[in-house]
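I have placed the structure first, in the form of structure tokens, so that the comments after it can refer back to it.
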Protein chains: 2
Amino acid sequence: MSEAAGGAGEQTVEELVADVFRRACASREALEHVTGKWSLLALSALAESPHRFGELRRRIEGVSERMLAQSLQTLERDGWVHREVRSAIPPHVEYRLTEDGAALVPHLLGLISFVEARMPAVQAARASADEVRRPR
Amino acid sequence: MSEAAGGAGEQTVEELVADVFRRACASREALEHVTGKWSLLALSALAESPHRFGELRRRIEGVSERMLAQSLQTLERDGWVHREVRSAIPPHVEYRLTEDGAALVPHLLGLISFVEARMPAVQAARASADEVRRPR
DNA sequence: CGGCATCCTTCATGATACTG
DNA sequence: CAGTATCATGAAGGATGCCG
């Protein structure tokens with residue numbers, strides 16, 4: 001990511017297609033796809049093992065059928081997830097990470113673990129921020 | 001994160017407040033805050049150096065004044081970003097990462113770098129997926 | 001079972017205007 | 001400059017029904 005990530009100052013061809021700070025950059029869209037509310041959780045669930053649609057739906061509390069299907073389609077289209085239909089009636093569809101997906105997921109899991117570990121600090125920060133705004 | 005990340009099977013007290021798969025878990029909300037479209041970019045920009053409001057606005061192409069202000073408020077409330085007012089007229093406000101924020105950002109930068117690096121693969125995946133769906 | 005199509009509600013976001 | 005307030009709208013999301 002040009003400066004922010006690499007620190008390298010030189011302008012490369014890469015930057016034209018891979019600078020998230022740029023409005024119309026494809027990488028920004030791709031990033032949003034994987035960090036989406038439900039996509040993030042779906043990828044995390046698939047990190048454990050392949051899952052069927054219904055399994056994912058039950059695993060990810062609060063996701064609707066519609067949003068899960070939509071998220072999985074986007075992830076499949078971007079090449080992070082593979083969708084495999086095993087039979088037609090009744091349908092048996094299994095989702096699994098692609099190689100790219102398997103390489104991506106550790107980054108997401110690391111982020112999730114970090115945030116979960118810092119939750120006490122986050123809640124403390126919120127409490128003190130709210131206290132200032134609403135001084136009883 | 002209970003199973004998905006740690007792999008540990010034991011149920012700890014942590015899980016009650018830190019399982020992103022659970023609907024009402026605070027960690028899911030906190031995660032959404034840092035992975036939000038504009039929050040992610042704001043944190044990345046602040047990883048380089050402290051920025052003023054207007055600087056951030058120009059740096060993050062396409063963000064509206066309203067969304068940036070809102071994102072920064074959320075990040076400040078969760079304790080990732082510190083907001084410092086230096087003068088009143090004209091206003092001079094500087095945003096910088098807190099210690100927690102500085103610890104968080106490498107995870108985000110790693111994710112961004114990874115996605116940017118894989119853009120060719122992503123675009124190839126999209127092209128082939130679209131080809132199948134629309135066979136001319 | 002695993003979707004897709006449809007309808008409808010809620011929310012997030014952007015544009016604009018105003019203030020300290 | 002750095003916001004806040006208001007309004008309008010398009011997108012996100014949920015509920016339902018149908019089909020392979």
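Order of the sequence lines sets the chain letters (A, B, ...), proteins ahead of strands, with each chain counted from 1. Only this structure's heavy atoms are used, side chains among them; waters, hydrogens and symmetry mates stay out.
- Between the P atom of C/dC4 and the CD atom of A/Glu76 lies a distance of 10 Å, rounded to the nearest Å.
- A 4.5 Å side-chain heavy-atom check between A/Thr35 and B/Leu111 finds at least one atom pair inside the cut-off.
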Give every pair of a protein N or O atom and an N or O atom of nucleotides 1-8 of chain D that lie under 3.5 Å apart, one pair per line with the distance.
{"unit_1": "D/dC1", "atom_1": "O3'", "unit_2": "B/Arg52", "atom_2": "NH2", "d": "2.8"}
{"unit_1": "D/dC1", "atom_1": "O3'", "unit_2": "B/Pro91", "atom_2": "O", "d": "3.4"}
{"unit_1": "D/dA2", "atom_1": "OP1", "unit_2": "B/Arg52", "atom_2": "NE", "d": "2.7"}
{"unit_1": "D/dA2", "atom_1": "OP1", "unit_2": "B/Arg52", "atom_2": "NH2", "d": "3.0"}
{"unit_1": "D/dA2", "atom_1": "OP2", "unit_2": "B/Gly54", "atom_2": "N", "d": "2.9"}
{"unit_1": "D/dG3", "atom_1": "OP1", "unit_2": "B/Arg83", "atom_2": "NE", "d": "3.2"}
{"unit_1": "D/dG3", "atom_1": "OP1", "unit_2": "B/Arg83", "atom_2": "NH2", "d": "2.7"}
{"unit_1": "D/dG3", "atom_1": "OP1", "unit_2": "B/Tyr95", "atom_2": "OH", "d": "3.4"}
{"unit_1": "D/dG3", "atom_1": "OP2", "unit_2": "B/Tyr95", "atom_2": "OH", "d": "2.6"}
{"unit_1": "D/dG3", "atom_1": "N7", "unit_2": "B/Glu65", "atom_2": "OE2", "d": "2.6"}
{"unit_1": "D/dG3", "atom_1": "O6", "unit_2": "B/Glu65", "atom_2": "OE2", "d": "3.4"}
{"unit_1": "D/dT4", "atom_1": "OP1", "unit_2": "B/Gln73", "atom_2": "NE2", "d": "3.3"}
{"unit_1": "D/dT4", "atom_1": "OP2", "unit_2": "B/Gln73", "atom_2": "NE2", "d": "2.9"}
{"unit_1": "D/dT4", "atom_1": "O4", "unit_2": "B/Glu65", "atom_2": "OE2", "d": "2.8"}
{"unit_1": "D/dT6", "atom_1": "O4", "unit_2": "B/Arg66", "atom_2": "NE", "d": "3.4"}

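- At whole-Å resolution of the value, CD1 in A/Ile60 and P in D/dG14 are 13 Å apart.
- A/Met67 has its CE atom 14 Å from the P atom of C/dA12, to the nearest Å.
- Between A/Leu97 and A/His82, the closest side-chain pair of non-hydrogen atoms is not below 4.5 Å.
- Between the A/His51 side chain and the A/Ser49 main chain, a donor and an acceptor come within less than 3.5 Å of each other.
- The CH2 atom of A/Trp38 sits 6 Å away from the P atom of D/dG14 (whole-angstrom rounding).
- Atom CD in A/Glu84 sits roughly 13 Å away from atom P in C/dG3 (whole-Å rounding).
- Using a 4.5 Å cut-off on side-chain heavy atoms (C-beta onward), B/Leu43 and B/Leu104 make contact.
- A 4.5 Å side-chain heavy-atom check between B/His33 and B/Arg77 finds every atom pair outside the cut-off.
- Side-chain atoms of A/Thr74 and A/Ser39, non-hydrogen and from C-beta on, never get closer than 4.5 Å to each other.
- For the pair A/Ile89 CD1 and C/dC1 C1', the interatomic distance rounds to 10 Å; values are reported in whole Å.
- To the nearest angstrom, C1' of C/dC11 lies 15 Å from CD of B/Glu29.
- Atom NE2 of A/His33 and atom C1' of D/dA11 are 14 Å apart (whole Å).
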